[in-house]
Amino acid sequence: MVNQYPPISDKCRHFLHGGDYNPDQWIKTPEIWDEDMRLMKLANCNAMSVGIFSWSSIEPEEGLFTFAWLDTIMDKLHDNHSFAILATPSGARPAWMSEKYPEVLRMGPDRERNLHGHRHNHCPTSPIYREKTAQINRKLAERYKNHPALILWHVSNAYGGECHCPLCREAFRDWLKRRYENDLDRLNDAWWTGFWSHRYSDWSQLEPPAPHGETSVHGLNLSWKRFVTDQTISFYKNEIAPLRELTPDIPVTTNLMGTYTGLDYTKLAKELDVVSWDNYPNWHNDWESTAELASKISFVHDLNRSLKGGKPFMLMESTPSHVNWQQVNKLKRPGMHYLSSLQAVAHGSDTVQYFQWRKSRGSSEKLHGAVVDHCGHENTRVFKDVAEVGAALQKLNCVLGTTVRPDAAVIYDWENRWAIDDAQALKKDQKGYLETCESHYRALWKRGIPADVISMDSDFSSYKLVIAPMLYMVRPGTAERIEKFVENGGVFVTGYFSGYVDENDLCFLGGFPGPLRKVTGIWAEEIDALYDDDKNAVVFGPDNALNLNGEYEAREYCELIHAETADVLAVYKSDFYAGRPAVTVNSFGKGKAYYLAARTEERFLDVFYQKLADKKGLMRALHCELPEGVTAQLRCGGGRKFIFLMNFSEAEKIVDIPGFLYKDLLTGEMYNDRISLLPYGVKVMEEDG
Ligand code: GLA
Ligand code: ZN
């Protein structure tokens, strides 16, 4: 396994720092461009994403291409020792195109064609739109292929949404024919269409799910989502064909959106050279602690790193201050910009990029945070914060390309989420698959135990602990790989609402958790959903193998299980299932499989994972306990070990590190005893070999 990766581009052996730059909005005031260059240097920036929404500036009339402004910007960036992350403009299109070729516009599930406007409003199937995007991408590649500023392609912007136009519907039918090998009977069986007389007798009857049509056939819903991902990838491949042909050495990315449910990023990521994502947390909100939110963001950073097996990713967008689309667009408080930027780096990002470099003068994002405000100069709090991050990144060249190979992984799987979200069961709006994955992850985060976030198709063999909360869908091969993992000594944790359906969303017959029954050694007979005020608890028995005691609140879900080959560690406290198993462990080969039948309070997950981590000796970033709100993350490579110690709390925190020696890479200080972290404080340290 690679432990150190090359930089994103050979042309730049530093962290990238910069953001979305829209000089075409200032085409009539080129003096602003010069001012931008001056300010970029002052802000310690070295990489700008240009051209993301520039189609109408590059092709103002059909077939008329005007690159002069972009030539100037590319040259200016280069002259100022900066680089261009050059975008393809398909995220929005010129009005002439929508007017002349309405088929490029998207159609909603109601079968109404959108009017021109907004962005992300295109049909991924339209041959004309594909032709136009390929053409403009070819022009860009031809023109800039040898430009010294070009380091990366930023393809389109935040792919998402779906189109229900006749072309897409036809493409869906073709996709289904391929998937079910032209056998309509197979499709009917896989989708259980006998239900409500939904059997299809001809392919022409197949329509995408729509609120005024079909939404009750889960196999159809799942197929449509898979199709939307595949069709988006097909559109993306059409976009990048000319880039691959003309600039084979320039890497390609598209900016992802965290845990966005519309596309299966595990599939899309395979087609990217480097993963990049846009991160906009609600810092300082009034419903969760800073630490709780930080752990959720860490989860997504780890997910992005894991998408390409540990390869460093890019923080492609973040705001230097506030956004303009949240309910409350709160400022980042002093220290938070620095901390949250280094948090991305701590988890494997080789960049800190922003939306946006300069606030636009008009339209809907004019009041969205930016490095350069409408005042136009560098004497602002936000500008100084950005320059400070840039200065810190310049000291971290040794961290570039390093990564972490965690002992632990949490399975977060897109298709599983689709199926859970679609299931009419449990508590209607509180199924909380993502939240459950986050809560298990948080128990590791609090102790500075690095973790990957992976799909169920991943290779488990490098881990000591694999956690699969709510593994409702189990695709073929998954259970076998879990069994092998446990047989070889791995620890597997799963629980309620697992092993219910197969890859077609058909329930497993013969007892849940279906194919996981053997490895977990339990049979899950029923599941009880609890009202918010219902109380139950899991109570640990005497001399249980984990040496846990006491009781922990059970909330929301209590599954009624039978221990078959598993040992019972804890039982339910009350209700008609009092005394029945709530936590079990099954010895399987050299390993163990734990089953958590109930959703519990956080305190339980903390002690449970502490026990497992200690038993398995899981890798930790620091060899000590961490105070509340503090986490530590690790990046290694070239025989060196870098620790990011971060205080996501509003209080000063002391971390005791007796007997170890660390060098602060940002200040040069040495620590060998205790480290004090100011509120929102962060240290980047190298462990003394
Ligand atoms: C998204 C988009 C950007 C911008 C920001 C605003 O991530 O990619 O173009 O609209 O949101 O926060
Ligand atoms: Zn379409």
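Computed from heavy atoms alone, side chains included, the values below leave out hydrogens, waters and symmetry copies. Atoms within a ligand are numbered from 1 in the order they appear, just like the ligands themselves.
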Kindly assign one of parallel, tilted or perpendicular to the pair [X] and [Y], based on the angle between their ring planes and the thresholds 30° and 60°.
X: H120; Y: F53; result: tilted
X: F299; Y: Y412; result: perpendicular
X: Y236; Y: Y159; result: perpendicular

Note to self: The criterion is side chain to side chain contact (heavy atoms under 4.5 Å, CB included); which residues satisfy it with S321, sequence neighbours excluded?
What the structure shows: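 Listed in chain order: T319, V382.
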
Check: Can a cation-pi geometry be assigned to R358 and W26, taking NZ or CZ under 6.0 Å from the six-membered ring centre and within 45° of the ring axis?
Finding: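 Because its charged atom sits under 6.0 Å from the ring centre and within 45° of the axis, R358 does stack over W26.
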
Notebook entry, point to check: How wide is the angle at the Zn ion (ligand 2) between SG in C123 and SG in C163, to the nearest 10°?
Noted result: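 With the Zn ion (ligand 2) as the vertex, the angle is close to 120°.
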
Checklist line | Proximal protein residues to ligand 1, non-hydrogen atoms under 4.0 angstrom | finding: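 Contacting ligand 1 under 4.0 Å are F53, R119, N157, N255, D278, Y280, E317, W325, F355, E365, H368.
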
Margin query: Regarding E214 and S216, do their side chains bring together a donor and an acceptor under 3.5 Å, going by distance alone?
Written below: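 Yes, a side-chain donor-acceptor pair sits under 3.5 Å.
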
